[in-house]
2 protein chains.
Amino acid sequence: MKPTIYDVAKKAGVSIATVSKVVNNTGRISEKTRSRVKEVMKEIDYSPSSVAAALTGKRTFTIGVLVPDIANPFFAEVARALENHARMTGYAIILCSTDYQREREQDYLELLLKKQVDGIIIATEARDWKVFKKLLDKNIPLLMFSIDHPSFSSHVVTTDDIRGGYLAGRYLLDNGHRNFAVIVEENRESGRLRLEGFKQSLMDAGIELSDSFVVFSKSRVEEAKKAAKQILALNNRPTSVFAATDLIAAVFMNEARKANISIPEDISVIGFDNTIHAEIADPGLTTIAQPTDELARYAIHQLLESIEKPNSLPGHRIMLAPELIERDSVKNLN
Amino acid sequence: MKPTIYDVAKKAGVSIATVSKVVNNTGRISEKTRSRVKEVMKEIDYSPSSVAAALTGKRTFTIGVLVPDIANPFFAEVARALENHARMTGYAIILCSTDYQREREQDYLELLLKKQVDGIIIATEARDWKVFKKLLDKNIPLLMFSIDHPSFSSHVVTTDDIRGGYLAGRYLLDNGHRNFAVIVEENRESGRLRLEGFKQSLMDAGIELSDSFVVFSKSRVEEAKKAAKQILALNNRPTSVFAATDLIAAVFMNEARKANISIPEDISVIGFDNTIHAEIADPGLTTIAQPTDELARYAIHQLLESIEKPNSLPGHRIMLAPELIERDSVKNLN
DNA sequence: AACATTAAGTTAAGCGCTTAATCAATTTAA
DNA sequence: TTAAATTGATTAAGCGCTTAACTTAATGTT
């Protein structure tokens, strides 16, 4: 059997309270006893049960992370960054891929509730916001990562998508482009915002983006191919394409190549996210980088704060600026 | 405060034992009381604490998954598959990226011990096997996923890497290739085995692979580039390259293109893993697919079995056959 | 009718830990 | 020298749940 606090106490000739105190560095303990106890712990290889500790009303030191799909490189990187920052502060992460399914969303939330996680980070566009509102009512610290919902007053940490779109547009303009197409990620608020920012930049330059140059796609290979073909088939082909995610951009580049359209010679491409796809693409994909690591840092920080001081201030919105990563997929027309 | 079993019991006018029984579907309860209790649970929105349940000696219904880096697409897919199968059986997953660092390995194992996870899946080549052996001594169900270690007698679920390498070689041979180069993943047993299988297939055809055509690399963009260049600089260039991972293969393809070497016209490429990189590459990358989902299914199944019947049979080794996925990166020379 | 079964609950102990309250032994203050 | 304060440790209650053992009432058996 796994040794318990009693085993340590008995062997060290002290009470379990004393052991608890040396484990947690609380209360008054003489140096002598402390070292004695520590010695015994080593000796019998004692490892305190955080399950029992959690029951005593303390934290579980666990947070749930809901992503749509961990197999998507962007979310994998997000999860990785969150995991890192959580670990630094002693927290573990329970991974939940919702697959954009309402059922899984609910199932996982129920699980997290039962497990008494100390907080939940939501990085998936919810299917059913009601369920999440319920969580707020229950006073579970919540944080929205990289997503946003107007009617929701929890903490939010996200990339400034509008600004990201603007950045992309501005960059293409600066490089002399005047004809654009956009592949927007369907059904996602962030996709909408990126488009909005992009349009804004064009407007500032007195250019209007016609609807026929905006096509929708999910961030999946098959759908991205369709979207790419659609754009390549346009009779007055644009000189540049802004893709809502690197994956879509990468697929577009391949389709273009297959159609004997060279990048960036014939058409320039700019992506979003700065995932491994951008790095691996040929030519290297110029893209808008989300500050994943920093987002994660803020997210964990903010969440821990609302764990530590419950019902303190209402939801902050932290919006970090994206950054343009210049590679070789955009041609300078000037 | 979160409602407890007492609140339900009081409101339903029964003892907490009764409530516990309806929650767990154990013991004898009349239909009448059962529905009454269920009603009350709904009413006050009761969700049993699995923390408390775990303390009573039952499971925590949590398993730890150690991967080197969740941001690596292969492991992301592995994690995803494991998560799915775990969830189906009621288990949650704690995500642990070790980053190949001994310190993180130990840190995470300690965490998992404290958290009393019911079992651990190790999908990372360990830095220090001693630590893992210790776990075995403690009777923590352990399972090695996609890795292997001769001196280790836990359960193992892995792809048959030798066979995978053999398949790749066989396929190239069948397509008329006689000159090969291999990019092997450094320091990984699986890499070694893939090479071994590959060599074996050549041997069966009476061909020997000279060492100068074997280069080593990690599965990272920068290193893969170097390896690719090294091969492209060979004076008697091979007609085909077997890359240890899809990422390496994809990078090789890009480097080749940059050097004006067309694929598969001038040189054929075959990868390993069948990750998104293979799908996205242009031309589509022919590769050896690991049966990720099936591996995950077996892994979870096997692990749960040793959780349910502790110290039952010693470590099984389940080795699933990889499969060749034909795309367009290999030219038929016949 | 007398007893054995069975069905439906209840009681109470215990899981491994934290912590407020308490106590005994020293040390300090006056 | 005696009271007050400090230090170092112990006691015991309780966290929310499970479960073996027990009770009570209703049924069944001969």
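The sequence lines fix the lettering, A, B, ..., with proteins before strands; numbering per chain opens at 1.
Regarding A/Leu55, its CG atom lies at a distance of 9 Å from the P atom of D/dC17, rounded to whole Å. The distance from atom CG of B/Asn24 to atom P of D/dC17 is 10 Å, rounded to the nearest whole Å. What separates CZ of A/Arg28 from C1' of C/dT22 is a distance of 14 Å, to the nearest Å. Atom-to-atom, NZ of A/Lys58 to C1' of D/dG16 comes out at 18 Å; the value is rounded to the nearest Å.
Taking 4.0 angstrom as the limit, A/Tyr6 places none of its side-chain polar atoms (N or O) nearer than this to OP1 or OP2 of C/dG14. Taking side-chain N and O atoms only, B/Thr18 has a distance below 4.0 Å to OP1 or OP2 of C/dT10. OP1 or OP2 of D/dT18 lies within a sub-4.0 Å distance of a side-chain N or O belonging to B/Ser20. The shortest distance between the side-chain N/O atoms of B/Ser49 and the OP1/OP2 oxygens of D/dC15 is not below 4.0 Å. Regarding contacts with the backbone of C/dG9, a side-chain N or O of B/Thr33 is found under 4.0 angstrom from either OP1 or OP2.
Which of D/dC17, D/dG8, D/dA9 sits closest to the side chain of A/Ile29 comes down to D/dA9. With distances taken from any side-chain atom of B/Ser15 to the nucleotides C/dC17, C/dT10, C/dG14, the minimum falls on C/dT10. Listed candidates were C/dC15, D/dA21, D/dA9. Nearest to the side chain of B/Lys21 is D/dA21. Of the listed nucleotides (C/dT18, C/dC15, D/dT11), C/dT18 has the atom at the smallest distance from the side chain of A/Ile5.
Among the protein residues, A/Ala17 comes within range of the nucleic acid bases, having at least one heavy atom under 4.0 Å from a base atom.
Remark: A/Glu125 CD to A/Ser190 OG distance equals 6.0 Å, nearest 0.5 Å.
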